[in-house]
Amino acid sequence: MKRKRYTPEFKSQIVLEVLKEEKTMNEIASSHGIHVNQIRQWRNAFLEQMPLIFAKDNKKADQFNS
């Protein structure tokens, strides 16, 4: 059986849906046909990487202010 590949855009959409907390992770997983553990991994990866996104923005802002 071949592994499913998901686009970064799709993963982002799912993570945003989780962060809105309008549905449970189990509901989101079943509606999209994804295992809940996969969604947890995507959410955790996003939360770990989020500070880096803002750090990159600050570096760009510092370059313009110099």
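Because the structure is a prediction, the values reported are computed rather than measured.
Within the 4.5 Å cutoff, the side chain of Ile34 has heavy atoms near those of the Trp42 side chain. Using a 4.5 Å heavy-atom cutoff, the side chains of Phe46 and Val18 are not in contact.
With hydrophobic clusters built from ILVMFWY side chains whose heavy atoms lie under 4.5 angstrom apart, Leu47 does not share a cluster with Leu16.
The distance from atom CD of Gln41 to atom NE2 of His35, rounded to the nearest 0.5 Å, is 10.0 Å. We find the CD1-CD1 distance between Ile14 and Ile39 to be 5.5 Å, quoted to the nearest 0.5 Å.
Every residue meeting the side-chain contact (heavy atoms from CB on, under 4.5 Å) condition with Thr24, not counting sequence neighbours, appears here in chain and number order: Asn26, Glu27.
Pairs engaging residues 29-55 under the salt bridge (charged side-chain N to carboxylate O under 4.0 Å, His left out) rule: none recorded [sequence neighbours left out]. Within the structure, side chain to side chain donor-acceptor pair (under 3.5 Å) contacts touching residues 11-20 (residues at least two apart or in different chains) are Glu17-His32.
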